Undergrad: 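Before we start, here is the structure in question, set down as structure tokens.
Fair warning: this is a prediction, and the values are worked out from it, not measured in the lab.
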Amino acid sequence: MRRRSLLIAVPAGLVTLAACGDDDSGSSSNASDSASPEPSGTSAAPPPKIVDGPLPAITAGTKFDEKPTVAKGSGEPSKDLAVKTVMAGGGKAVAENDFVSANYLGQIWQSAKVFDNSYDRKTPLVIQLAQGSIIDGWRYALTGKKTGSRVQFSVPPTWGYGKQGNEQAGIKGDDTLVFVVDVQDTFNARSSADGEKVPQDDAALPKVGTNTDGKAPSIEVPDGDAPKKLVAEYVLEGDGAEVGAQDSVLVQYKGVLWDGGKEFDSTYARKQLTSFSLQQVVKGWAQGLTGKKVGSRVLVVIPPDLGYGDNPPQGSDIKKDSTLVFSVDILAKM
């Protein structure tokens with residue numbers, strides 16, 4: 001199993017999409033199989049005072065998105081949250097509750113012991129900057145920073161793991177943590193796919209809107225019979241990495257019924273992105289998104305045998321043996 005970040009906890013707000021899954025875990029991602037700085041579960045600390053330093057030197061790997069080497073902390077670390085923008089990016093500003101995509105390295109101030117980094121995994125972390133999803137030091141240090149920035153910060157226990165530390169990661173209750181974070185992208189409820197338009201020439205298939213303003217695209221279902229096999233076609237083709245069958249993804253989506261075109265589920269209506277593992281959703285979702293590129297909008301038409309069949313979610317507008325039509329924007333691979 002691929003080693004996952006220590007930083008992540010299960011993002012909140014995934015209950016509706018969990019109903020699309022083949023299991024009833026209600027979880028959006030697999031449990032971490034490595035120790036990592038996830039929230040401690042204690043009551044929230046008051047907002048920190050943010051100061052400029054002290055911070056240890058970055059001695060190698062000084063380019064953006066290059067794995068850094070960071071010196072051991074000198075003297076006593078700040079009791080406040082020390083934050084420095086090492087490189088200022090010119091992209092979108094990160095807001096609290098956004099999902100950020102970032103590469104990062106974390107180490108302990110006193111020993112310079114690296115306890116986690118994403119560079120070696122060659123997969124950026126995608127995580128929501130929300131209370132309960134990540135340690136508070138990240139939320140406060142990255143909010144307001146722009147994509148393309150490298151940010152270094154030190155996190156005292158109060159805004160890290162608290163007095164209990166994180167035994168699995170080798171973090172003691174009095175350890176101050178040092179992070180270097182390369183902010184690649186940020187996503188929120190106004191985010192859209194940004195790929196190139198692909199002709200929608202098949203009159204027998206639904207037509208999906210190509211707007212990229214963050215609003216829900218239209219889905220026009222034809223009058224004919226629903227296809228008997230899975231359909232997964234680009235509406236907008238992105239140029240990002242291909243999604244693998246074992247991956248988790250961050251998405252915007254809208255679902256309607258083939259019969260009548262009634263909307264039954266939408267992240268746009270909830271004004272909240274969602275993430276999930278392709279191993280936790282109905283087969284039509286998993287098969288339809290596998291191999292598709294990040295940055296794409298995909299039309300997915302799911303026949304009953306790859307959807308809910310004769311066992312639709314209780315309380316939903318989905319009837320037995322319904323064909324489902326989705327527009328899915330693949331924003332990031334997790």
Undergrad: Show, in sequence, the C-alpha distance, side-chain angles and deciding distance for F326 and L289, and conclude whether the side-chain contact (heavy atoms from CB on, under 4.5 Å) test is met.
TA: CA-CA 11 Å; F326 289 95; L289 296 186; over 6 Å; no

Undergrad: Do V235 and L230 sit in the same hydrophobic cluster, where Ile, Leu, Val, Met, Phe, Trp and Tyr count as joined when their side-chain heavy atoms come under 4.5 Å apart?
TA: no

Undergrad: When clusters are formed from ILVMFWY side-chain contacts under 4.5 Å, directly or step by step, what else is grouped with Y268?
TA: none

Undergrad: So which heavy atom on P156 is nearest to which on S78, and how close?
TA: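 Taking every non-hydrogen atom into account, CG-O, 3.7 Å.
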
Undergrad: Would the number of heavy atoms belonging to other residues, nucleotides or ligands and lying under 6.0 Å from NZ of K207 be above 12?
TA: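 Above 12, so yes.
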
Undergrad: Output the distance between atom CG (D329) and atom CZ (F187), rounded to the nearest 0.5 Å.
TA: 11.0 Å

Undergrad: I'd like to check L177 versus F115 (side-chain heavy atoms, cut-off strictly below 4.5 Å). Are they in contact?
TA: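 Yes, their side chains come closer than 4.5 Å.
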
Undergrad: Where is the tightest heavy-atom contact between Q152 and L55, given as atom of each residue plus distance?
TA: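 Of all heavy-atom pairs spanning Q152 and L55, the closest is O-CD1, 3.7 Å.
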
Undergrad: Would you say Y140 and F153 make side-chain contact, with heavy atoms under 4.5 Å?
TA: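 Counting from C-beta outward, Y140 and F153 never come under 4.5 Å.
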
Undergrad: Considering all heavy atoms of both residues, which atom of P304 and which atom of T323 are nearest to each other, and what is their separation?
TA: CD-OG1, 3.6 Å

Undergrad: For K172, does the NZ atom have more than 12 heavy-atom neighbours from other residues, nucleotides or ligands under 6.0 Å away?
TA: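 12 or below, so no.
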
Undergrad: Measure the NZ-OG distance between K254 and S218 for me, rounded to the nearest 0.5 Å.
TA: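 Output value for this atom pair is 6.5 Å.
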
Undergrad: Quick one: does any side-chain atom of W159 pair with a main-chain N or O of P46 as donor and acceptor, under 3.5 Å?
TA: yes

Undergrad: After noting the C-alpha distance and the side-chain angles of D265 and R270, does the key distance pass the salt bridge (charged side-chain N to carboxylate O under 4.0 Å, His left out) rule?
TA: CA-CA 9 Å; D265 196 10; R270 294 194 297 276; 2.6 Å; yes

Undergrad: Checking the side chain of D213 only, and the main-chain atoms of K215 only, is there a donor and an acceptor separated by less than 3.5 Å?
TA: yes

Undergrad: Group every Ile, Leu, Val, Met, Phe, Trp and Tyr by side-chain heavy-atom contacts under 4.5 Å, then state whether V325 and L306 land in the same group.
TA: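 Different hydrophobic clusters.
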
Undergrad: Find out whether D80 and P48 are in side-chain contact, i.e. whether some heavy atom of one side chain is under 4.5 Å from a heavy atom of the other.
TA: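 Counting from C-beta outward, D80 and P48 never come under 4.5 Å.
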
Undergrad: Quick one, K320 with D310, criterion salt bridge (charged side-chain N to carboxylate O under 4.0 Å, His left out). Give me CA distance, side-chain angles, the key distance, then yes/no.
TA: CA-CA 4 Å; K320 290 183 178 181; D310 62 358; 6.0 Å; no

Undergrad: Kindly say whether T212 contributes a backbone atom to a donor-acceptor pair with the side chain of R297 at under 3.5 angstrom?
TA: no

Undergrad: Is K228 salt-bridged to D305, cutoff N-O under 4.0 Å?
TA: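 The answer is no: the pair does not qualify as a salt bridge.
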
Undergrad: State, to 0.1 Å, how close V181 and A102 come at their nearest heavy-atom pair, and which atoms those are.
TA: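 Nearest pair, atom of V181 first, then A102: CG1-CB, 3.7 Å.
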
Undergrad: Would you kindly say whether S118 and N103 are connected by a side-chain donor-acceptor distance under 3.5 Å?
TA: yes

Undergrad: What closest approach, in Å, do D239 and K293 show between heavy atoms, and which atom pair accounts for it?
TA: CA-CD, 4.5 Å

Undergrad: With no hydrogens and no angle check, is any side-chain donor or acceptor of E237 less than 3.5 Å from a backbone partner on V198?
TA: no

Undergrad: After noting the C-alpha distance and the side-chain angles of I134 and Q128, does the key distance pass the side-chain contact (heavy atoms from CB on, under 4.5 Å) rule?
TA: CA-CA 7 Å; I134 198 166; Q128 189 175 23; over 6 Å; no

Undergrad: Rounded to the nearest 0.5 Å, what separates atom CG in L278 from atom OG1 in T290?
TA: 5.0 Å

Undergrad: Partners of K113 by salt bridge (Lys or Arg N to Asp or Glu O under 4.0 Å), sequence neighbours excluded?
TA: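 For K113 there are no salt bridge (Lys or Arg N to Asp or Glu O under 4.0 Å) partners, ignoring immediate neighbours.
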
Undergrad: Linking directly or through intermediates, with side-chain heavy atoms under 4.5 Å: list the remaining ILVMFWY members grouped with Y119, chain and number order.
TA: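 Y119 shares its hydrophobic cluster with I58, F64, V70, V86, M87, L105, W109, V114, V178, V180.
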
Undergrad: Is the shortest side-chain heavy-atom distance between Y234 and S296 below 4.5 Å?
TA: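 In short, these two side chains touch, coming nearer than 4.5 Å.
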
Undergrad: Calculate, to the nearest 0.5 Å, the distance between atoms CD and NZ belonging to E242 and K292 respectively.
TA: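 With rounding to 0.5 Å, CD (E242) is 9.0 Å from NZ (K292).
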
Undergrad: Could you check whether R121 pairs with D116 (Lys NZ or Arg NE/NH1/NH2 to Asp/Glu carboxylate O, under 4.0 Å)?
TA: yes

Undergrad: Tell me if a side-chain donor or acceptor on S192 pairs with a main-chain N or O of G214 at a distance below 3.5 Å.
TA: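 Side chain of S192 to backbone of G214: a pair is present.
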
Undergrad: For the backbone of V183 and the side chain of S149, can you confirm whether one donor and one acceptor N or O come within less than 3.5 Å of each other?
TA: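 Here the side-chain-to-backbone pair does not exist.
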
Undergrad: For residues D120 and K67, determine if any side-chain heavy atom of one lies less than 4.5 Å from a side-chain heavy atom of the other.
TA: yes

Undergrad: Should V282 and Y308 be marked as a side-chain contact (heavy atoms from CB on, under 4.5 Å) after you check the CA-CA gap, both sets of side-chain angles, and the distance that decides it?
TA: CA-CA 7 Å; V282 293; Y308 296 114; 3.8 Å; yes

Undergrad: Please examine the side chains of M334 and D247, heavy atoms only from C-beta on, and report whether any two atoms are closer than 4.5 Å.
TA: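 D247 does not reach M334 side chain to side chain.
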
Undergrad: Would you kindly confirm whether W258 and I302 end up in one hydrophobic cluster when ILVMFWY residues are joined by side chain heavy atoms under 4.5 Å apart?
TA: no

Undergrad: With side-chain contact (heavy atoms from CB on, under 4.5 Å) as the test, would you mind laying out the steps for T186 and F99 before giving the verdict?
TA: CA-CA 6 Å; T186 186; F99 284 82; over 6 Å; no

Undergrad: Can you tell if the side chain of L236 reaches within under 4.5 Å of the side chain of K197, non-hydrogen atoms only?
TA: yes

Undergrad: Taking all non-hydrogen atoms of both residues into account, name the closest pair between G160 and I135 and its distance.
TA: O-CG2, 3.7 Å

Undergrad: Starting from the C-alpha separation in whole Å, work towards a yes-or-no answer on salt bridge (charged side-chain N to carboxylate O under 4.0 Å, His left out) for D98 and R190.
TA: CA-CA 10 Å; D98 279 3; R190 299 179 299 279; 5.6 Å; no

Undergrad: Does CG in D225 sit with more than 12 non-hydrogen atoms of other residues, nucleotides or ligands closer than 6.0 Å?
TA: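 No, because the 6.0 Å sphere around CG of D225 holds 12 heavy atoms or fewer from other groups.
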
Undergrad: For atom CD of E196, decide whether the heavy atoms of other residues, nucleotides or ligands shown that lie under 6.0 angstrom number more than 12.
TA: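 12 or below, so no.
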
Undergrad: Any side-chain heavy atom of L81 within less than 4.5 Å of one from V155?
TA: yes

Undergrad: How long is the gap from OG on S266 to CD1 on I219, to the nearest 0.5 Å?
TA: 8.5 Å

Undergrad: If we check salt bridge (charged side-chain N to carboxylate O under 4.0 Å, His left out) with D182, which of these qualifies: R150, K145, K63?
TA: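 For D182, the salt bridge (charged side-chain N to carboxylate O under 4.0 Å, His left out) check succeeds only for R150.
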
Undergrad: Could you measure the distance from the NZ atom of K319 to the OG atom of S322? Nearest 0.5 Å is fine.
TA: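 If I round to the nearest 0.5 Å, the distance is 7.0 Å.
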
